Amino acid sequence: QVQLVESGGGLVQPGGSLRLSCVASRSFWFATMGWYRQAPGKERELVATVTSIGSTNYTDAVKGRFTISRDNAKITLYLQMNSLKPEDTAAYYCNYHPPVKNYWGQGTQVTVSS
């Protein structure tokens with residue numbers, strides 16, 4: 001069992017930035033990790049992934065604005081979010097990719113509003 005704890009969310013104005021963090025309870029150096037988000041009334045969606053060697057991939061909606069990264073020594077996953085838009089409002093979660101059902105954490109809420 002792995003525990004994933006997300007943090008760093010908050011209320012930000014359109015155009016602002018936030019940096020999300022996800023700390024794991026055990027090493028994930030070998031795994032592809034991902035950030036996911038779920039907006040009210042919508043299904044959870046994949047936002048970005050990073051492989052064990054640092055290759056990244058993003059959903060089209062965030063390309064050029066979000067950056068996923070990892071620090072294997074700190075067992076921490078990051079998501080730098082710039083130029084935030086109201087449509088980025090959602091609860092953000094980290095997990096393995098593909099996600100492991102029992103590993104979902106509480107998430108961190110990101111609200112983009114003026």
Side-chain angles (χ1 to χ4, degrees):
Q1 186 73 13
V2 174
Q3 291 185 326
L4 300 168
V5 180
E6 302 92 347
S7 64
L11 174 63
V12 63
Q13 292 186 342
S17 298
L18 284 173
R19 188 193 195 202
L20 306 184
S21 299
C22 167
V23 179
S25 61
R26 138 177 131 194
S27 178
F28 56 42
W29 67 266
F30 55 90
T32 295
M33 299 296 295
W35 281 99
Y36 304 78
R37 67 185 180 186
Q38 186 168 20
K42 295 186 178 181
E43 292 189 355
R44 186 148 39 196
E45 64 172 347
L46 177 65
V47 174
T49 60
V50 58
T51 69
S52 59
I53 59 171
S55 296
T56 59
N57 199 17
Y58 302 89
T59 190
D60 286 346
V62 308
K63 280 181 181 176
R65 301 188 297 121
F66 290 11
T67 302
I68 187 172
S69 61
R70 63 195 295 162
D71 185 331
N72 291 331
K74 295 182 178 179
I75 327 176
T76 302
L77 185 70
Y78 302 100
L79 185 68
Q80 177 67 44
M81 306 187 296
N82 298 328
S83 301
L84 282 161
K85 304 176 180 180
E87 51 263 44
D88 296 317
T89 295
Y92 284 72
Y93 304 85
C94 67
N95 204 323
Y96 288 67
H97 179 68
V100 179
K101 181 179 179 181
N102 293 340
Y103 290 179
W104 292 113
Q106 295 299 308
T108 186
Q109 179 66 37
V110 172
T111 302
V112 184
S113 176
S114 55

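Note: hydrogens, waters and symmetry copies are ignored here, and every other heavy atom, side chains too, is used. Count residues from 1 along the sequence. This is a predicted model, so every value here is computed, not measured.
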**Q** State, yes or no, whether a side-chain contact exists between R37 and L20 at a heavy-atom distance under 4.5 Å.
**A**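 Side-chain contact under 4.5 Å: no.
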**Q** Apply side-chain contact (heavy atoms from CB on, under 4.5 Å) to the pair Y103 and Q1, showing each step before the final yes or no.
**A** CA-CA 7 Å; Y103 290 179; Q1 186 73 13; 4.0 Å; yes
**Q** Quick one: OG1 on T51 to CZ on R70, what's the gap to the nearest 0.5 Å?
**A**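 One gets 7.0 Å once the value is rounded to the nearest 0.5 Å.
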**Q** Mind checking whether Y96 and V2 have side chains closer than 4.5 Å, heavy atoms only?
**A**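 A side-chain contact exists here, since the closest heavy-atom pair is under 4.5 Å.
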**Q** Should W29 and V5 be counted in the same cluster of Ile, Leu, Val, Met, Phe, Trp and Tyr side chains packed under 4.5 Å apart?
**A**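 The answer is no; the residues belong to distinct hydrophobic clusters.
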**Q** Search all heavy atoms of R65 against all heavy atoms of L84 and return the closest pair with its distance.
**A**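 The answer is NH1-CA, 3.8 Å.
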**Q** Measure the spacing between NZ of K63 and CG of N57 and express it to the nearest 0.5 Å.
**A**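 Reported value, rounded in 0.5 Å steps: 6.5 Å.
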**Q** For the residue pair S17 and S83, what are the closest heavy atoms and their distance?
**A**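 Shortest heavy-atom contact: OG-N, 4.4 Å.
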**Q** Considering all heavy atoms of both residues, which atom of L77 and which atom of C94 are nearest to each other, and what is their separation?
**A**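 What the structure gives for the nearest pair is CD2-CB, 3.8 Å.
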**Q** Which value, rounded to the nearest 0.5 Å, describes the distance between L18 atom CG and F66 atom CZ?
**A**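 Separation between the atoms: 9.0 Å.
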**Q** Taking the six-membered ring for Trp, are W104 and Y36 parallel (under 30°), tilted (30 to 60°) or perpendicular (over 60°)?
**A**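 Ring orientation of W104 relative to Y36: perpendicular.
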**Q** Starting at CG of L11, measure out to OG1 of T89 and round the result to the nearest 0.5 Å.
**A**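 One finds 8.5 Å between CG of L11 and OG1 of T89.
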**Q** Using the side-chain contact (heavy atoms from CB on, under 4.5 Å) rule, take D88 and M81 through it: C-alpha gap first, then chi angles, then the decisive distance, then the call.
**A** CA-CA 9 Å; D88 296 317; M81 306 187 296; over 6 Å; no
**Q** Measure the CD1-CE distance between I68 and M33 for me, rounded to the nearest 0.5 Å.
**A**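 With rounding to 0.5 Å, CD1 (I68) is 8.0 Å from CE (M33).
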**Q** Between Y93 and Q106, is there a side-chain heavy-atom distance shorter than 4.5 Å?
**A**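 No, too far: nothing below the 4.5 Å cut-off.
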**Q** Is it the case that the side chain of W35 and the backbone of Y78 share a donor-acceptor pair, with hydrogens and angles ignored and the cut-off at 3.5 Å?
**A**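 Here the side-chain-to-backbone pair exists.
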**Q** Measure from the side-chain N and O atoms of Q109 to the backbone N and O of G9, and report whether any donor-acceptor pair falls under 3.5 Å.
**A**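 No; zero donor-acceptor contacts below 3.5 Å.
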**Q** Step through the shown structure and confirm whether more than 12 heavy atoms of other residues, nucleotides or ligands are within 6.0 Å of CD on E87.
**A**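 More than 12 heavy atoms, drawn from other residues, nucleotides or ligands, come within 6.0 Å of this atom.
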**Q** Give the minimum heavy-atom separation between P14 and S113, together with the two atoms involved.
**A**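 Where P14 meets S113 most closely, the heavy atoms are CD-C, 3.6 Å.
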**Q** Taking all heavy atoms of L4 and all of A24, pick out the closest pair and write down the distance.
**A**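 For L4 and A24, the tightest heavy-atom pair comes out as CD2-CB, 3.6 Å.
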**Q** Distance check, rounded to the nearest 0.5 Å: S69 atom OG versus L79 atom CG?
**A**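 Atom-to-atom, S69:OG and L79:CG are 8.0 Å apart.
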**Q** Any donor and acceptor pair, going by atom type alone, linking the side chain of N95 with main-chain N or O of V100 inside 3.5 Å?
**A**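 Side chain of N95 to backbone of V100, a donor-acceptor pair under 3.5 Å: yes, one is there.
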**Q** Could you state whether Y92 and V23 fall into the same hydrophobic cluster, counting links through intermediate Ile, Leu, Val, Met, Phe, Trp or Tyr residues with side-chain heavy atoms under 4.5 angstrom apart?
**A**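 Looking at the clustering, V23 is in a separate group from Y92.
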**Q** Check V50, L46, T67 against Y58 for a side-chain contact (heavy atoms from CB on, under 4.5 Å) and give me the one that passes.
**A**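 Single side-chain contact (heavy atoms from CB on, under 4.5 Å) partner of Y58 among V50, L46, T67: T67.
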